[in-house]
Amino acid sequence: MMRLDRWLVTLGVGSRSQVQKLVRSGGVKVDGTPVTDPGRQVEEASAALTVQGQPVDGRLTRHVMLHKPAGLLTAARDKKQPTVMDLLPEVYASIGCMPVGRLDKDTTGLLFLTTDGELNHRLLSPGRHVDKTYRAEVDGELNESHVEAFAAGLHLSDFDAQPAKLEIIAPQTGLVTVHEGKFHQIKRMFSAVGREVTALHRLTFGRLTLDENLPEGQWRELTAEEIAALYDDAQMEGHA
Ligand code: URA
């Protein structure tokens, strides 16, 4: 339960004074009935909301899959550069939907965003780090020695990368599955074996797989099954 005016402000309908005025003037209906008291407690998780006759999606918990294009920062906001949040309707930022982990500016593919801070935190915490699979194109041929080096774990300048799976799917393209998520991890792992990544694309994050029908730059909310699988990955059963 929460106050109607707070719900409306959180949804980005307007400032506190604007929404209070709107409510008092009868412009807001909850479950089909006009409510004119801005302080009325409402069941925000299930109530149907209309603002000036238009239905408004009032859910404050949302989970999003985004097919990230190159050229955007993975951040909730940035003073100078465009971010992945620019691809979503504004309401997602106002309800606190945030990217889980980061993809480099030039990396494309699966990005998961959620309003659930605990889910976000747990999916990234070192103890529970979920598997991620990337398709990497590199500047030279890949061979069995690279597969073995990835499987053995690589020594990078400031940390030892855990053993990772590399599958060669084309002479200069590999599918890499890692468990961790250090800064520039995939690029640095290839660099350590003498290959530079020329294109990087994420295909999976935990049990979430990038929807093939989602073009670059597009997003959709997760299905109930996808949400349940991610909560399970985060060992938060029963929260979905
Ligand atoms: N590893 C990288 O090097 N870059 C990414 O964007 C993700 C993983």
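Every number for a ligand or one of its atoms is a count from 1 in the order of the listing.
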Checklist entry - What closest approach, in Å, do Arg3 and Val42 show between heavy atoms, and which atom pair accounts for it? => result C-CG2, 4.5 Å
Checklist entry - Relative to the ring of Tyr231, is the ring of His63 parallel (under 30°), tilted (30 to 60°) or perpendicular (over 60°)? => result perpendicular
Checklist outcome for this item: For ligand 1, protein residues within the heavy-atom limit of under 4.0 Å are Leu103, Asp104, Thr107, Tyr134, His184, Gln185, Ile186, Lys187, Leu200
Item to check | Ring geometry between Trp219 and Tyr92 (parallel below 30°, tilted from 30 to 60°, perpendicular above 60°) | outcome: perpendicular
Checklist outcome for this item: For residues 86-110, the salt bridge (Lys or Arg N to Asp or Glu O under 4.0 Å) pairs (sequence neighbours left out) are Asp104-Lys187, Asp106-Lys187
Give every donor-acceptor pair under 3.5 Å between a side-chain atom in residues 11-19 and any protein atom, sequence neighbours left out.
residue	atom	partner	partner atom	Å
Ser15	OG	Ser17	OG	3.4
Ser15	OG	Gln18	N	3.2
Ser15	OG	Gln18	OE1	3.3
Gln18	OE1	Ser15	N	2.7

Distance-only check: which donor-acceptor pairs under 3.5 Å involve side-chain atoms of residues 170-181, not counting sequence neighbours?
residue	atom	partner	partner atom	Å
Gln172	NE2	Val138	O	2.9
Thr177	OG1	Thr133	OG1	3.2
His179	ND1	His129	O	3.3
His179	ND1	Asp131	OD1	2.7
His179	NE2	His129	O	3.0
Glu180	OE2	Gln162	N	2.9
Glu180	OE2	Gln185	NE2	2.9

